Amino acid sequence: MIGLAITMAMIQQPLLPVPSPRQLAWHEMEYYAFVHFGPNTFTGVEWGEGREDPKLFNPTSLDCEQWVRTFKEAGMSGVIITAKHHDGFCLWPSKYSNHTVAHSSYRGDVLRELSEACKRHGLKMGVYLSPWDRNHPTYGTPEYNLVFAGMLEEVLTQYGEIFEVWFDGANGEGPNGKRQEYDWDLFVVTVRKHQPNAVIFSDAGPDVRWVGNENGFAAPTNWATIDRKRYVPGTPLYRELTEGTEGAPDWIPAECDVSIRPGWFYHADQDTKVKTVRELMDIWYGSIGQNAALLLNVPPDRRGHIHEIDAARLLEFRKERDRHFGNDLMQHSVGAFELKDGKTETFKVGDSVTVKFDKEVTFNRIRLREAIPFGQRVKRFEVWADVGGSMVKIGEGTTIGYSRILKLPRTSSSFVEVRILDTIQGTALISEMSLYDAPGD
Ligand code: FUL
């Protein structure tokens, strides 16, 4: 990896929209854990009805320290926990509900345990709160909006810094058969007031958007921009969310949420269905490699542990990523980022990002990044290499954004060129380029 954005970028005009400081910090997190935990862990369902006896929630040896240690070793940067899923059960002792840990067989505060473990290990914590609540008696009335804002205030003020607030878009009937009209403005204001650095996720932002599927894949063309006016949470335009929209007015990048198991919650009969390293690598290329973040769900079991199979898989996945991306061949380059005409400050359409080596290197992956503080611009590029004395096209792509990884045929070369073929407004700022030789194809 080499970086040169800063000096060049200083003199650049940003192309609006650009990420906010909280979004920029979020972009760098890249890969973090999702934790679905609650009564469903003990009843075996995915969507609890909210009428479950809270006493069912009974982890026998809850160990958030073990979760966080595992996530850290797995190379994850944070963890988002289902503080409240659709069943309305609160993993903290909320004063707004009788359906909480305080009324369960486990009398502690899961959010406290987790936040302390995160602080000890330097991981960031986020919270998932389902606006849809199948338990709360006020659901379906204006009063529920105040209850939900009050719950938000509790989780955003008692556990230290929160990096992301995840609003689930699923929305059905509540206990009284009514649907809720959500006061989104109130919810957003509440988050901004108590955690101004946290990004807010929903189907449509305002800070981070759903990628439109739960498989872990963004599209090869993936803009960080959408036109927010076209969306309301819960009624997404799936395809558009997967690709973003070129030239749209709002910077709302995609996050890929996917579970390591078929379900979001732990079910013992899925112990044999934990995703393989190969499947996880495909997800990595489809998310991190396609300008999105990866939120990988790893649900704790009834003991309150990350199951041994999942923990081992996460570490194997990390080792495999190291085998793919552990050795950046750019470290051997002798001349990098030399512009064709030697004078231009920026990469214009028709310019090339070029890299020379004093002897051939062999590679089959390229990772590119744009200097996103100045916007996302690249629409089309090609990768060329000198192979045995002639320039050969070895790959092509559309968008780059925060991060784009292309698989290439294994190539040996001492001169590599990324040709910028099309951009918004004719210029591009490429901030990093890496070359790797990954095992296999
Ligand atoms: C969905 C929910 O309905 C699932 O239970 C899960 O929480 C997933 C991440 O989001 O909308």
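Owing to the predicted nature of the structure, the values given are computational and were not obtained by experimental measurement. Worth knowing before you read on, the calculation uses all heavy atoms, side chains too, and leaves out hydrogens, waters and symmetry mates. Indexing begins at 1, ligand by ligand and atom by atom, following the structure's order.
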K.L.:
Does a donor on one side chain sit under 3.5 Å from an acceptor on the other, for H36 and E46?
P.N.:
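No - no donor-acceptor pair under 3.5 Å links their side chains.
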
K.L.:
With a cut-off of 4.0 Å, which atoms of ligand 1 are near a heavy atom of W47?
P.N.:
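Result: 2 (C), 3 (O), 4 (C), 5 (O).
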
K.L.:
Give the residue and atom name of whichever protein heavy atom lies nearest to atom 5 (O) of ligand 1, and the separation in Å to one decimal.
P.N.:
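Heavy-atom neighbour on the protein nearest atom 5 (O) of ligand 1: H85 NE2, 2.9 Å.
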
K.L.:
Any N or O on W166 sitting closer than 3.5 Å to an N or O of ligand 1?
P.N.:
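W166 vs ligand 1: no N/O contact under 3.5 Å.
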
K.L.:
Within 45° of the axis and under 6.0 Å from the centre of the six-membered ring of W92, does NZ or CZ of R112 qualify?
P.N.:
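The answer is no, since R112 fails at least one limit relative to W92.
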
K.L.:
Do W132 and W47 make the cut of ring centroids closer than 6.0 angstrom?
P.N.:
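Yes, the ring of W132 comes within the 6.0 Å limit of the ring of W47, centre to centre.
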
K.L.:
For atom 10 (O) of ligand 1, state which one of D168, T82, V45 supplies the nearest heavy atom.
P.N.:
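It is D168 whose heavy atom sits nearest to atom 10 (O) of ligand 1.
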
K.L.:
Is the distance between the ring centroids of H85 and F37 under 6.0 Å?
P.N.:
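No.
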
K.L.:
Drop me the distance from H305's NE2 to L62's CG, to the nearest 0.5 angstrom.
P.N.:
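Taking NE2 in H305 and CG in L62, the distance rounds to 7.5 Å.
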
K.L.:
Which atoms of ligand 1 have any heavy atom of Y128 under 4.0 Å away?
P.N.:
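Ligand 1 atoms under the 4.0 Å threshold to Y128: 7 (O).
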
K.L.:
Does only the side chain of D257 get under 4.0 Å from ligand 1, or the backbone, or both, or neither? Count heavy atoms.
P.N.:
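Side chain only; the backbone of D257 stays clear of ligand 1.
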
K.L.:
Note the single closest protein heavy atom to atom 6 (C) of ligand 1, along with its residue, its atom name and the distance in Å.
P.N.:
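It is H36 NE2, 3.3 Å.
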
K.L.:
Assess F34 for proximity to ligand 1: is some non-hydrogen atom of it under 4.0 Å away?
P.N.:
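Yes, that is the case, since the closest heavy atom of the residue is under 4.0 Å from the ligand.
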
K.L.:
When the aromatic ring centroids of Y436 and F363 are compared, is their separation below 6.0 Å?
P.N.:
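Between F363 and Y436, which both carry aromatic rings, the centre distance is not below 6.0 Å.
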
